[in-house]
Amino acid sequence: MRYGCGDGARPAMPEPEVLVEGIDVVRRYSGAQGVVAVRGASVTVRSKDFVALMGPSGSGKTTFLGVLAGLDAPDQGEVRWKGQPMGSLSADERRALRRQGIGVVFQSFGLLPALSAVENVELPLRVNGVDLTEARERAERWLHRLGLETRMHNRTYELSAGQQQRVAVARALIAEPEIVMADEPIAEVDTENADLILEALWDVIRRGGAVLTATHNPEALRYANRVVLFRDGLVEEEGTPQEVATHLTVD
């Protein structure tokens with residue numbers, strides 16, 4: 001039913017699109033101890049979700065995030081991108097997904113030390129065939145927005161950890177991915193710069209995408225609409241920040 005039908009009824013709102021879905025994901029590491037980092041965890045991320053993945057250090061959040069991002073394959077279970085198993089994607093489809101569908105912010109930043117801040121940020125566009133002038137202009141806009149206008153031409157080793165973190169966020173956002181998966185994106189910054197980063201991530205939500213961030217920082221709860229509590233490789237609880245507030249323990 002549409003507006004203007006004359007009966008005063010509202011049209012049904014469309015269901016948010018499922019972007020990424022992890023189903024009973026298991027990820028183990030070989031070695032003498034045979035560590036099982038993820039033990040059958042499931043999560044669904046839909047369009048316009050801002051999901052905070054929270055839990056103690058060593059609970060498996062980073063491993064789970066990497067599997068959902070397609071950086072690592074599950075030993076058991078399945079990860080789906082818009083309903084299609086990631087394992088069934090062709091090599092070209094996986095490359096396209098990494099270039100445009102999913103933006104990743106690594107906990108270790110993952111910046112190239114030989115490049116300047118602006119060169120690191122423009123790199124995803126250059127890989128996608130965007131000409132240098134446009135790529136440079138867009139990279140400069142992102143760095144300016146994140147308070148790095150005076151650091152654009154500094155190499156990675158000339159930047160503080162917090163500055164590198166903001167460069168990594170800009171690089172993940174510049175290609176306008178449908179979902180950003182960020183591992184501790186505000187761990188190295190103060191409250192003011194945390195707000196800059198979280199507000200920038202909200203751009204993804206505004207255009208109908210989603211954000212999934214593993215974080216210890218309660219600042220993220222002011223932006224999240226869902227919280228997934230992770231412990232011992234499993235999803236312990238899931239709900240709105242208000243629903244899970246009494247169970248939050250991230251130390």
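Heavy-atom basis, side chains included; hydrogens, waters and symmetry copies ignored.
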Any link between [X] and [Y] through a network of hydrophobic side chains (Ile, Leu, Val, Met, Phe, Trp, Tyr) touching at under 4.5 Å?
{"X": "Ile197", "Y": "Leu65", "answer": "no"}
{"X": "Val105", "Y": "Leu125", "answer": "yes"}
{"X": "Val104", "Y": "Ile174", "answer": "no"}
{"X": "Val227", "Y": "Leu68", "answer": "no"}
{"X": "Leu146", "Y": "Trp202", "answer": "yes"}

Do the non-hydrogen side-chain atoms of [X] and [Y] ever get within less than 4.5 Å of each other?
{"X": "His153", "Y": "Val118", "result": "yes"}
{"X": "Phe50", "Y": "Asn225", "result": "yes"}
{"X": "Met86", "Y": "Leu97", "result": "yes"}
{"X": "Leu71", "Y": "Met181", "result": "no"}
{"X": "Ile205", "Y": "Tyr223", "result": "no"}
{"X": "Leu173", "Y": "Asp203", "result": "no"}
{"X": "Glu78", "Y": "Pro85", "result": "yes"}
{"X": "Arg222", "Y": "Asp195", "result": "yes"}

inquiry  = Tell me whether Asn128 at atom CG has more than 12 heavy atoms from other residues, nucleotides or ligands lying less than 6.0 Å away.
reply    = yes
key: Heavy-atom neighbours of Glu192 CD exceed 12 at 6.0 Å   = no
Can a donor-acceptor pair be found, under 3.5 Å and without considering hydrogens, that links the side chain of [X] to the backbone of [Y]?
{"X": "Glu158", "Y": "Ser116", "result": "no"}
{"X": "Arg171", "Y": "Phe109", "result": "yes"}
{"X": "Arg94", "Y": "Leu89", "result": "yes"}
{"X": "Glu134", "Y": "Asp131", "result": "no"}
{"X": "Thr213", "Y": "Ala52", "result": "no"}
{"X": "Asp24", "Y": "Gly77", "result": "no"}
{"X": "Arg226", "Y": "Asp49", "result": "no"}
{"X": "Asp75", "Y": "Arg28", "result": "yes"}
{"X": "Glu184", "Y": "His216", "result": "yes"}
{"X": "Arg126", "Y": "Arg136", "result": "no"}

Taking every non-hydrogen atom, the tightest pair across [X] and [Y]:
{"X": "Gly40", "Y": "Val26", "value": "N-CG2, 3.6 Å"}
{"X": "Gln164", "Y": "Leu159", "value": "NE2-O, 3.2 Å"}
{"X": "Leu115", "Y": "Asn120", "value": "O-ND2, 3.4 Å"}
{"X": "Arg155", "Y": "Ala114", "value": "NH1-O, 2.6 Å"}
{"X": "Val38", "Y": "Val25", "value": "CG1-O, 3.2 Å"}
{"X": "Gly208", "Y": "Ser47", "value": "O-CB, 3.2 Å"}

First locate atom [atom1] of [X], then atom [atom2] of [Y], and finally report the distance between them rounded to the nearest 0.5 Å.
{"X": "Glu119", "Y": "Met152", "atom1": "CD", "atom2": "CE", "answer": "13.0 Å"}
{"X": "Leu221", "Y": "Gln242", "atom1": "CG", "atom2": "CD", "answer": "9.0 Å"}
{"X": "Glu199", "Y": "Arg145", "atom1": "CD", "atom2": "CZ", "answer": "6.5 Å"}
{"X": "Gln107", "Y": "Gln165", "atom1": "CD", "atom2": "CD", "answer": "9.0 Å"}
{"X": "Asp183", "Y": "Thr62", "atom1": "CG", "atom2": "OG1", "answer": "3.5 Å"}
{"X": "Leu229", "Y": "Glu243", "atom1": "CG", "atom2": "CD", "answer": "11.0 Å"}

request  = Please determine if Arg166 and Glu188 form a salt bridge, counting it only when a charged side-chain N lies under 4.0 Å from a carboxylate O.
outcome  = no
key: Steps toward side-chain contact (heavy atoms from CB on, under 4.5 Å) verdict (Glu140, Val121)   = CA-CA 8 Å; Glu140 288 178 349; Val121 175; over 6 Å; no
key: Aromatic plane relationship, Phe230 with Phe64 - under 30° parallel, 30 to 60° tilted, over 60° perpendicular   = parallel
inquiry  = So if I apply the side-chain contact (heavy atoms from CB on, under 4.5 Å) rule between Ile186 and each of Leu201, Thr191, Leu198, which one comes out positive?
reply    = Leu198
Option passing salt bridge (Lys or Arg N to Asp or Glu O under 4.0 Å) with Glu178 (candidates Lys82, Arg46, Arg207) = Lys82
inquiry  = Could you check whether Tyr29 and Thr63, counting side-chain N and O atoms only, form a donor-acceptor pair closer than 3.5 Å?
reply    = yes
